[in-house]
Amino acid sequence: MEKYMPQKIEKKWQKKWLESNVYKTEMDPKKPKYYTLEMFPYPSGNLHMGHVRNYSIGDVLARYKTMEGFNVIHPMGFDAFGMPAENAAIKHGVKPADWTYSNMDNMKRQQREMGLSYDWDREVATCRPDYYKWTQWLFELFYKRGLAYKKKAYVNWCDTCGTVLANEQVIDGLCWRCDNEVVKKDLSQWFFKITDYADVLLKDLDLLKGWPERVKIMQDNWIGRSEGLELNFEVPELNETLSVYTTRPDTAYGITFVALAVEHPMVETICKAKPEKADEIRAFVKKVQSQSDIERTSSESEKEGVGTGVYMINPFNGNKAEIWVTNYVLADYGTGAVMGVPSEDQRDWMFAQKYNLDVIVTLQPKGVELKVEEMTEAYTDKDGILCNSGEFDGQDIKTASKGIMDKAEREGFGKRRVNYRLRDWLISRQRYWGAPIPVIYCDDCGEQLVPEDQLPVMLPENVNFEAGSVSPLAQCEEFVNCTCPKCGKPAKRETDTMDTFICSSWYYLRYTDPKNDKKPFDSDKVNYWAPVDQYIGGIEHAILHLLYSRFVTKVLRDEGLVDFAEPFSNLLTQGMVLKDGSKMSKSKGNVVSPEEIIGEYGADTARLFIMFAAPVERDLDWSDEGVAGSFRFLNRVWRIISQFEDKIKSAGDEYDKKALTDDEKELRRVLHVTIKKVTEDIRDRFMFNTAISSIMELVNEFYKFQNDENVNAGLVREVSLNLLKMLAPFAPHMTEELWSELIGEDSSVHAQKWPVCDEAATVKSEVEIVLQINGKVRDRIMIATGISREEMEEAAKNNSRVQELTEGKNIVKMICVPDKLVNVVVK
RNA sequence: GCCGAAGUGGCGGAAUUGGCAGACGCAGCAGACUCAAAAUCUGCCGUAUGCAAAUACGUGCCGGUUCGAGUCCGGCCUUCGGCACCA
C-alpha cells in the first residue's frame, strides 16, 4: 500500500458516495428509526469551525447508529432567509436570491468535503417557494386557530436592521444580530400567541429528560411563571376600579401608594379628570417614553414619578392611597399597575424615600420590632410575622397570604391569578428577504387570509434596494396591489415578511417529507421519523429557536398533524471553538479556516482532532500542534495496517484463540476492552474524546507487534478490522479506503455491523492491587482475579512492606475492594 | 442582585458508583535509525528532597464526614454563561 494521502482518497470516496447515493434513507417500519439532526446553517458563504464541530458530532452519531442497525435519517438544509442577503443587495447590488443560492452551493461543497453522511435528497432551503408556501400555510393555520393577530404595541425597533424584533431577540437591550441599541416604537404588528402555551411549554420541560438541565432552567426562567393575587381598588373620584397584580398578598395592609406605568390607560383618564395636573403628568410621560429601552428598564436607574392627587381605597383596611404615574412599572406585565409597599419592597422603598411617602411596617422578623425611623431599606426577607394587618396579625407569611387571598376572593375585590414573564412572539419584519405574510387588506372586508390554493404568495424578484429606505416590498406596486379574495375589489397586500425563526421552527418536520406539494408533510412519515432523537447545536439557541420550535410543534399536535408533544427528545449543546482562548473573529485575526485545514491534512484529521480535543459540551481551544498530532495518529493506523496487509488478507475470520501467546492474548483483551469502552462512550455518554483515546491505546498496544513476523494472523485480522470499524465514524474516508483494500471494492466499512465485545476476552487472570496502610499506598502486588476477601487479606498480611510498616502496631481492621485494593487500618 | 456551570501538570484533558490522581494527546527531554536532517520507532516526563530506594506535598481556598475525598457535606474565592425594575 502506498502512504496515506488524504487529499487523494477523500476526493475519491466523496465522489463515489455522491454517485451511489449511499446515504439515502427510506421509511422502513421493520427497523428502529433514529433521527440525528444538526441545526441547519444560515448560508453566509463559508463554513466555520463551529459548523465543523457541529456536523462532525452529528455525523459520528449517524454513522455509529447506522452500524448499530438503526434506520438513520440524517438531513441537511439551509436557513436561507435573512438580513445578510439583503445587505449584500444594498452594498454590492447582487440579488438576495442569487447571493443566497451561490452561498448555499459553496457551503454544500464544503460539507461534502467534510465527508458528511447526509441524505441530500431531503435538503430544504427555507427561501424556496416550495418551502415557504408551507411556512405561509402555517401562518394561516395559526391565524385560523386564533394564534396569530395584529395589534398596536410598544415594540422593539432596531434602526440598523430597519425592523422590529421579538423580545427573545433583544439581548441586554441590544439587537441580537447587529448589537445596535433597541428603541421602543408604537407600531401595529403581527404576533403569535405563544403566551397561550406558556403553561404547557413550562410543564412539558419535564418530558425533556434528554435535555441539558441548564437549557431547561433558562427556558423556565424565560417563561417566568408566578402565582399571585389580582386586586381591584375602588377609585371613587373617577368612578372606576384599578387592578394591580402582586405575588406578595401578605403585604397588602402596608400599601401607601399605587404606581402606574406611563402607558397605563388610567393615566389619560386622570389627566382629563384633573386638568390642573395634566400638564405635569403628560410631560413626565413624554420624558419617560423618550428614554431608550436600556435606560427605562435598568434596575439601576432612579425611580421617579408624579403624584396625581387621585386616591384609591385599600379594601382591607379602608386606607386611602395616592395614585402615582411612575417610570418603574412595566406596562405589559401583570396589569401595568403595582401596589406600593415601601416597607417590604426595595423599589417601593426608594420611591417612597424620594417623595416622602408613608411607610407602614406589616412584617417583622420573629421577636424583633421594626421601627420605620430606624429602617434604612425595605425588609424583604420572606420570613417573619405580620403586624398592623388587622385579623392577620401574628400569622406567618404563608398562612397570611392564603388568608388574605381567601378574603379578597370571598369579598369580591380580588382573584388568584398566574402570570408569565413570557410575552407574545412578534413575528412581522419590515424586510424583503423573508416569507411574505399571506394577508390582504380590503377597505370593505378588512383583513383577509390569502386563500390556500393561491399560496405561496411569491416574493417578487425585481425590487429596489436602497440603504435606509422602507422595505422594498412596500415600494413594489405589482406586489402590493391585488384583489380582495372575498369581494374581488382592489386591495393591498401585507408588505411585512415573517421572522425567519418561523421558517426554522418547523424545518425538522419537513425533512421527513421534503417534496410533498399537497401538505407540509405527510402524517405517517412525520410520525415515523420524528421526533428528532438527537438534536445538536449551539447553546445560543437555548431560548430563541428551541422555544419557538417547541411552541410550533405543540400547535401542530393540537391540530392533529403530529402525534408527539416535543420536537427534540435529546439535545446536545456543543461548546464554542476558540483560538488562543477567545472566540474566532475577523477583527481578532484568529480565524482558522476549515478549508485550509482540510486542504492541508484532510477532513478525517480535522474531524478527528475536533472530536478528540475536548468533550462536546465544553469550549474547545483550537491547536495547530494538536491537529498535527491527530494526523500523526491516522498515519500510524495506516502504517500498521499496511504493514500487516498480507496477513490480514490471508487470514480467516475464525481462528484458534487457544493457540495465542500470552502477549497476543493481552492484545486481544485490550481490543475487547476497547470495543466495550468506545461503544459506551459514544452510546451512553457522548464522550468522543475518551472513545478516541482508547482507540489510540489499542493502536499503541498493536504497535508492540510491529516487528513480530510470527504474530497470529487471525488475531491481526480481528484487531485490524475492528479497529477500522470503530474509527470509521470519526475518519470515514481513510477507514473506507483501508477497508476496501483489505476486503474488496464492493464492501463498505460504513455498512458493517458495529463490533461486539467478547466479554470472556476481557477477563484478566491476574490483577495488580494496591496495598494501603491507613489509606496511603505502600505497595502493589499481583493477585489472581476474583479471589475471596480472606485470600486478599492473607496476601496483604504476607506482604513484606505491610509487615515492616505494621510491626508492633495493632491492626484494627482491613478493608477489601475486590480486584482493586486492601486497606490495612492500624493504630 | 437572582439562577446555573466550571476551577486538576507547561498545555488540551482523563479518573463513569467514594477506592492507585494525571489515561490519551500536545509541548519538552533522551535513545535507536541516518553521513546528517526530517520522518519513524522506543523510553522518560506533577513539585520538593535524594545517587538511588524512598519520603513528604499535591485536584481554587477553609473546615467537616469517612478506613479512604478530585468525587460527598458546610462555608468562601475566582472565571464564564443566562436573567435582571416581571411587583
Side-chain angles (χ1 to χ4, degrees), chain A residues 3 171-172 212-222 224-226 228 244-248 251 259 261 296-303 326-330 332-341 344-348 350-351 380 419-423 539-540 542-543 576 609 612-615 617-630 632-633 635-636 639 677 680-681 684-685 687 689-697 699-700 703-704 706-707 768-780 812-826:
Chain A
K3 72 173 193 144
I171 317 282
D172 289 331
E213 210 52 43
R214 58 176 180 149
V215 175
K216 289 192 274 184
I217 289 168
M218 279 191 230
Q219 292 212 355
D220 191 322
N221 291 341
W222 189 261
R225 184 190 145 97
S226 73
V244 297
Y245 172 76
T246 181
T247 54
R248 291 290 304 275
T251 66
R296 267 195 74 172
T297 58
S298 164
S299 52
E300 315 289 290
S301 55
E302 193 173 6
K303 280 132 196 62
T326 71
N327 66 347
Y328 75 95
V329 175
L330 300 172
D332 56 353
Y333 180 79
T335 62
V338 167
M339 61 191 214
V341 185
E344 277 126 44
D345 184 288
Q346 187 56 24
R347 294 157 298 188
D348 297 345
M350 294 194 302
F351 190 77
T380 54
N419 245 321
Y420 297 94
R421 215 192 67 111
L422 182 72
R423 310 292 205 274
I539 186 78
E540 66 274 15
I543 293 168
M576 281 190 296
F609 169 72
F612 175 65
E617 301 228 289
R618 232 184 285 180
D619 286 349
L620 179 157
D621 209 351
W622 185 266
S623 151
D624 293 333
E625 294 78 18
V627 179
S630 293
R632 255 199 305 272
F633 170 70
N635 273 291
R636 229 164 120 75
R639 271 193 307 272
K677 167 94 175 138
E680 288 170 357
D681 279 355
D684 308 332
R685 305 204 305 150
M687 290 287 279
N689 55 332
T690 52
I692 293 167
S693 44
S694 46
I695 297 174
M696 286 172 170
E697 286 176 86
V699 171
N700 290 345
Y703 259 85
K704 290 183 183 163
Q706 67 168 326
N707 297 319
E768 189 185 66
I769 63 158
V770 166
L771 298 182
Q772 295 183 331
I773 294 170
N774 288 345
K776 290 200 190 263
V777 180
R778 292 303 164 181
D779 207 356
R780 290 149 215 265
V812 182
K813 61 173 160 176
M814 292 177 100
I815 285 144
C816 292
V817 180
D819 297 342
K820 280 203 174 132
L821 92 166
V822 179
N823 186 12
V824 184
V825 185
V826 295

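Chain A is the first sequence line, chain B the second, and so forth, proteins listed ahead of strands; every chain is numbered from 1.
Distance from the side chain of Val338(A) is smallest for rA87(B) among the nucleotides rA15(B), rA87(B), rC24(B). In the set rA84(B), rC85(B), rA87(B), the nucleotide with an atom closest to the side chain of Trp222(A) is rA84(B). For Phe612(A), taking side-chain heavy atoms from C-beta onward, the closest of the listed nucleotides rC83(B), rC20(B), rC24(B) is rC24(B). Considering only side-chain atoms of Pro615(A), the nucleotide from rG13(B), rU55(B), rG19(B) that sits closest is rG13(B). Considering only the side chain of Ser693(A), rA23(B) comes nearest among rA23(B), rA84(B), rA87(B). Comparing atom distances between the Asp345(A) side chain and each of rU40(B), rA21(B), rA87(B) picks out rA87(B) as nearest. Considering only side-chain atoms of Glu625(A), the nucleotide from rU16(B), rC85(B), rC26(B) that sits closest is rC26(B). Distance from the side chain of Asn689(A) is smallest to rG13(B) among rG13(B), rG68(B), rC85(B). With rG13(B), rC85(B), rC20(B) as the choices, the nucleotide that has an atom nearest any side-chain atom of Val770(A) turns out to be rC20(B). In this structure, the nucleotide among rC85(B), rU42(B), rG4(B) sitting nearest to the side chain of Arg214(A) is rG4(B).
To the nearest whole angstrom, the two C1' atoms, one in rG13(B) and one in rA27(B), are 14 Å apart. Across rA54(B) and rG50(B), the matching C1' atoms stand 8 Å from one another, rounded to whole Å. With C1' as the reference atom, rU16(B) and rC26(B) are 25 Å apart, rounded to whole Å. Spacing between rU47(B) and rA36(B) at atom P, rounded to whole Å, works out to 33 Å. Taking the C1' atoms as reference points, rU66(B) lies 12 Å from rC73(B), given to the whole Å. Between rG9(B) and rC61(B), the two P atoms lie 10 Å apart (nearest whole Å). Atom name C1', nucleotides rC72(B) and rG18(B): the rounded distance is 8 Å, in whole Å. Between the C1' atoms of rC77(B) and rC29(B), the separation comes to 37 Å (whole Å).
Residues passing the ring pair (Phe, Tyr, Trp, His ring centres under 6.0 Å) test with Phe351(A) are Phe257(A), Trp324(A), Tyr328(A), Tyr355(A), sequence neighbours excluded.
Using a 4.0 Å cut-off, some side-chain N or O of Tyr333(A) falls inside it from OP1 or OP2 of rA87(B). Using a 4.0 Å cut-off, some side-chain N or O of Asn700(A) falls inside it from OP1 or OP2 of rG25(B). Between Thr690(A) and rA15(B) there is no side-chain N or O to OP1 or OP2 distance below 4.0 Å. Between rU42(B) and Arg636(A), a contact under 4.0 Å exists linking OP1 or OP2 to a side-chain N or O. Taking 4.0 angstrom as the limit, Arg632(A) places a side-chain polar atom (N or O) nearer than this to OP1 or OP2 of rA27(B).
With rounding to whole Å, Met687(A) atom CE is found 13 Å from rG12(B) atom C1'. Rounded to an integer number of Å, the gap from CE of Met576(A) to C1' of rU79(B) is 13 Å. Atoms CE (Met350(A)) and P (rC85(B)) sit 12 Å apart, rounded to a whole Å. With rounding to whole Å, Arg423(A) atom CZ is found 14 Å from rC83(B) atom P. Rounded to an integer number of Å, the gap from CG of Asn774(A) to P of rA56(B) is 12 Å. At whole-Å resolution of the value, CG in Asn823(A) and P in rC20(B) are 12 Å apart.
Between Gly336(A) and Val329(A) the shortest heavy-atom distance is O-CG1, 3.5 Å. Smallest separation of non-hydrogen atoms from Val825(A) and Ile815(A): CG2-CD1, 4.3 Å.
Residue contacts for Ser301(A): at a heavy-atom cut-off of 4.0 Å it reaches a base atom on one of the strands shown. Within 4.0 Å (heavy atoms only), Asn707(A) reaches no atom of the nucleic acid at all. At a threshold of 4.0 angstrom between heavy atoms, the contacts of Lys776(A) are confined to the sugar-phosphate backbone, with no base atom among them. Among the protein residues, Leu330(A) comes within range of the nucleic acid bases, having at least one heavy atom under 4.0 Å from a base atom.
Between Val822(A) and Met814(A) there is a side-chain heavy-atom pair separated by less than 4.5 Å.
By the 4.0 Å N-to-carboxylate-O rule, Asp681(A) lies close enough to Lys677(A) to be salt-bridged with it.
Positionally, the nearest nucleotide of RNA chain B for Leu821(A) lies more toward the 5' end than for the other of Thr246(A) and Leu821(A). For the pair Ile539(A) and Gly334(A), nearest-nucleotide mapping onto RNA chain B gives the more 5' position to Ile539(A).
A donor-acceptor pair shorter than 3.5 Å cannot be found between the side chains of Tyr420(A) and Ser226(A). Between the side chains of Asp220(A) and Trp222(A), no donor N or O sits under 3.5 Å from an acceptor N or O.
rA54(B) is paired with rU49(B) under the criterion used here, namely a Watson-Crick or G-U wobble arrangement in which both key atom distances are under 3.5 Å. Nucleotide rA5(B) forms a pair with rU79(B), judged by Watson-Crick or G-U wobble geometry with both contacts under 3.5 Å. Within the shown strands, rA30(B) is the pairing partner of rU42(B) under the Watson-Crick or G-U definition, both distances less than 3.5 Å.
A cation-pi arrangement, defined by a distance under 6.0 Å to the six-membered ring centre and an angle within 45 degrees of its axis, is present between Arg636(A) and Tyr703(A).
With hydrogens and angles left out, the side chain of Lys820(A) and the base of rC20(B) share no donor-acceptor pair within 3.5 Å. For rC83(B), its base never sits under 3.5 Å from the side chain of Asn221(A) at any donor and acceptor pair. For Ser623(A) and rC11(B), a side-chain-to-base donor-acceptor distance below 3.5 Å is absent, hydrogens and geometry of angles not being considered. For a distance-only test at 3.5 Å, the side chain of Lys704(A) fails to qualify as a donor-acceptor partner of the base of rU42(B).
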